[in-house]
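Quick notes on the structure that follows.
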There are 2 protein chains.
Amino acid sequence: MTIFLGKAFLTASSREERLDTTGGKRGRITIHDVAAAAGISISTASKALNDTGRMGLETRERVKRIAAEIGYRPNALARGLLSKRSFTIGLLTNDTYGRFTLPVMAGISDALVDHGVSVFLCAIEEDPALAQIHVEAMLDKQVDGIIATGKRLDRRLPLDLSNLNVPVVYAFTEGAPGSVTFRSDDAQGAQLAVEWLAKLGRKRLVHVTGPESFFSVRERANAYRKVAGGQQQVLFGVWSESWGHEAVAKLWSGGERPDGIFCGNDQIARGVIDALRERGVRVPQDVSVVGFDNWEIVAAQTRPPLTTVDMELKELGRQAGLTVLALAEGRSVEPGIRKLPCRLVVRQSCGGDTLGI
Amino acid sequence: MTIFLGKAFLTASSREERLDTTGGKRGRITIHDVAAAAGISISTASKALNDTGRMGLETRERVKRIAAEIGYRPNALARGLLSKRSFTIGLLTNDTYGRFTLPVMAGISDALVDHGVSVFLCAIEEDPALAQIHVEAMLDKQVDGIIATGKRLDRRLPLDLSNLNVPVVYAFTEGAPGSVTFRSDDAQGAQLAVEWLAKLGRKRLVHVTGPESFFSVRERANAYRKVAGGQQQVLFGVWSESWGHEAVAKLWSGGERPDGIFCGNDQIARGVIDALRERGVRVPQDVSVVGFDNWEIVAAQTRPPLTTVDMELKELGRQAGLTVLALAEGRSVEPGIRKLPCRLVVRQSCGGDTLGI
DNA sequence: TACATGTGAGAAAACCTTTTCCCACTTGAC
DNA sequence: GTCAAGTGGGAAAAGGTTTTCTCACATGTA
């Protein structure tokens with residue numbers, strides 16, 4: 001088989017003149033080569049390979065076999081020029097750190113690789129000019145669609161994507177009106193956490209979370225209040241370990257001490273757990289702690305490992321990918337905000353981890 | 001200006017028939033539209049826009065102005081078909097977590113965006129079949145080159161890239177023989193760390209690091225031994241905080257206690273610092289600690305914030321990007337391994353942070 | 001025998017650019 | 001008045017693929 005791949009074969013083909021002009025770059029095998037090798041026209045070759053048109057079954061099979069033998073792969077650029085589909089999408093993100101983008105990207109890629117779609121990743125910080133350049137580069141390359149993702153549900157990317165002539169889907173960032181937006185169901189996630197604490201018999205709960213200016217913080221806090229009952233306490237702060245420490249200091253300095261702490265993210269939870277340990281408070285025997293995010297690098301390294309809420313970002317990416325694909329193919333999609341359920345990941349910071357959920 | 005963008009303009013253009021066939025998707029503005037609007041041929045339009053050919057300066061300017069007015073952008077697919085350049089490269093990685101890939105990606109993108117190059121990101125876990133699919137998809141899309149990156153200097157990606165007919169550059173992963181490979185200079189990084197400890201007057205040093213099976217671990221350890229002097233101690237372990245704890249327990253259980261600890265990565269350093277604090281050993285007053293990686297999320301959250309070695313991955317990405325571009329343009333590049341220098345990031349875990357380096 | 005129908009396959013247009021040639025015209029020199 | 005040289009611009013091919021149309025031939029029917 002491999003013998004056909006050599007120069008000898010190509011030179012013998014009908015396109016021998018091409019080899020002379022391509023210079024250094026080894027000329028790729030085109031459908032002309034397939035046609036020549038099979039002794040048919042390129043139209044017939046094309047139809048054989050794409051299972052279209054009319055022809056003898058035997059011819060079709062033979063062409064396919066020969067194409068495989070000589071290692072023919074269609075040129076996506078040429079195909080895209082005609083079909084108006086590039087099998088390419090763009091992923092735009094302002095999440096430099098990749099905390100959210102990477103799982104989303106993995107999901108998109110996972111969903112689309114089977115459809116032959118590749119993904120341009122563009123990290124655009126907060127720079128509108130840079131964003132503009134990247135978007136234009138993607139449009140020039142005829143992307144079939146764009147997925148915009150960010151690090152915050154209630155902020156937009158620093159540019160307007162609403163008037164592009166390609167479909168745009170938003171994931172984990174605020175979308176334009178009338179668009180499709182995927183996000184995690186933070187209220188349901190909070191509910192999972194609180195119900196788990198309740199199930200373990202915790203009665204005196206506190207919610208230690210990030211800045212109230214974040215939409216998801218408010219949403220989680222509201223859900224927490226609703227599920228836990230009115231008398232429960234919420235402490236707003238910042239997204240850092242040190243705020244976790246501080247919050248524990250505050251809580252243990254007076255008033256009734258909690259036996260269950262629901263934290264707004266894993267870093268806060270880690271600060272809380274470290275502070276509790278330093279005070280000699282045992283986790284999970286004396287106090288149960290739940291985090292939010294399931295950021296492995298934090299959650300798995302806390303002592304004890306952290307029970308936390310996973311936002312299923314990969315699944316979110318998968319759905320966003322399938323949706324943008326559907327739109328690119330002209331299938332219509334109901335606009336609106338889709339909230340995807342979170343999942344509780346049980347480790348050891350609450351106890352109950354031997355219950356088998 | 002915007003008035004020209006409407007359907008009215010396009011319909012009036014010489015290509016009005018196209019609108020009927022494109023159906024839902026709004027037809028893009030092509031060079032035909034520019035030519036029609038300027039009352040010239042498409043060849044002239046092309047030459048005007050690309051500053052090639054011969055024509056009156058006034059004509060050239062007018063064409064450019066009109067093109068800008070109606071918002072013409074050349075179709076990169078069509079251009080690529082002819083020029084054999086797609087202005088697209090692929091980034092292949094097996095670093096699911098993105099710890100190393102994201103900074104490298106940022107550097108590549110940063111270096112290439114000015115050249116109009118976009119980057120396909122393909123995360124291929126350790127799955128050779130998946131890797132193969134991704135590479136073929138990229139080749140079909142005529143990428144101008146591929147950058148392979150990983151999470152470990154001494155491991156290859158699970159597929160062979162050496163016989164592709166596009167240039168391949170390796171970054172932070174082991175490359176094929178005869179290829180160009182970029183990596184950090186771990187020995188020099190270790191030297192920076194040790195010299196800093198020495199400069200601060202630390203005499204009794206220990207190196208607490210990861211598994212000896214890692215090439216970079218051995219390289220750092222060797223450099224450490226060479227710079228610190230022969231009598232110094234090296235503890236090999238794993239890449240985790242708990243190993244940092246364990247190491248401190250070992251060191252403080254007998255023998256001479258160190259006053260300077262150089263850790264193999266930031267997570268170990270964090271474990272070390274936490275363990276020291278728990279023992280009442282003051283950092284940096286009693287012991288100086290240096291990390292490796294400058295992983296912000298870890299280094300900035302330790303108490304005190306961690307002085308650590310940064311591998312300059314972004315710069316590494318930048319150079320890899322420029323190199324693959326050079327190869328794609330046919331410029332020849334000296335093969336071999338290029339070691340890029342590391343940089344010491346001074347925070348507070350060693351003291352000396354007020355020295356202003 | 002004449003005609004409709006069906007079958008296999010090829011020619012050519014189309015997608016959008018760039019580039020190579022070539023043509024028509026002007027200018028200047030002899 | 002003829003010729004050479006220079007100038008502005010257009011026609012057409014090329015790049016690789018898909019799709020539409022057309023053609024030649026074989027088969028079946030009246």
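Note on naming: letters A, B, ... go to the chains in the order of the sequence lines (proteins, then strands), and numbering restarts at 1 for each one. Atoms considered below: every heavy atom in the structure, side chains included; atoms not considered: hydrogens, waters and symmetry mates.
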Practice item. Confirm from the modelled atom types if B:Ser43 and D:dA11 form a donor-acceptor pair under 3.5 Å, side chain to base only. Key: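 Such a pair is found, so the answer is yes.
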**Study point:** Any donor-acceptor N/O pair under 3.5 Å between D:dG10 base and B:Lys47 side chain
**Key:**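 Counting by modelled atom types and ignoring angles, a donor-acceptor contact under 3.5 Å is found here.
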Check your understanding: Centres of the B:Phe120 and A:Phe120 rings: under 6.0 Å?
Key ->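 Close enough - the centres of the two rings lie under 6.0 Å apart.
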Exercise for review: May I have the distance from B:Arg79 (atom CZ) to C:dT19 (atom C1'), rounded to whole angstrom?
Suggested key: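 Going from B:Arg79 (CZ) to C:dT19 (C1'), I get 13 Å.
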Practice item. Could you tell me whether the side chains of B:Lys141 and A:Thr88 share a donor-acceptor contact shorter than 3.5 Å? Key: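 No - no donor-acceptor pair under 3.5 Å links their side chains.
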Review point. Counting only side-chain N and O atoms of A:Asn50, is one of them less than 4.0 Å from OP1 or OP2 of D:dT18?
Key: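 Checking A:Asn50 against D:dT18: at least one side-chain N or O falls below 4.0 Å of OP1 or OP2.
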Exercise for review: Determine: side-chain N/O of A:Ser46 to OP1/OP2 of D:dT18, distance under 4.0 Å, yes or no.
Suggested key: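 For D:dT18, OP1 or OP2 has a side-chain N or O of A:Ser46 closer than 4.0 Å.
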Point to revise | Lys/Arg-Asp/Glu bridge criterion (N-O < 4.0 Å) met for B:Glu61, B:Arg65 | key: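 No salt bridge links B:Glu61 with B:Arg65.
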I want to verify a distance call: between [options], whose nearest atom is closest to the [X] side chain?
X	options	result
B:Ala78	D:dG16, C:dA11, C:dC16	C:dC16
A:Ile31	C:dC16, D:dG15, D:dT17	D:dT17
B:Thr44	D:dA14, D:dT18, D:dG10	D:dG10
A:Thr30	D:dG16, C:dA11, C:dT18	D:dG16
B:Leu82	D:dT18, C:dA11, D:dG15	D:dG15

Review point. Is B:Ile40 touching bases, backbone alone, or none of the nucleic acid, heavy atoms closer than 4.0 Å?
Key: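 If one applies the 4.0 Å heavy-atom cut-off, B:Ile40 turns out to touch the sugar-phosphate alone, with no base involved.
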Review point. Among residues 51-67 of chain A, which residues get a heavy atom nearer than 4.0 Å to DNA chain D?
Key: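 Those residues: none at all.
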**Study point:** Exercise: identify the closest heavy-atom pair between A:Val166 and A:Val143
**Key:**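 Closest approach of A:Val166 to A:Val143, heavy atoms only: CG1-O, 3.4 Å.
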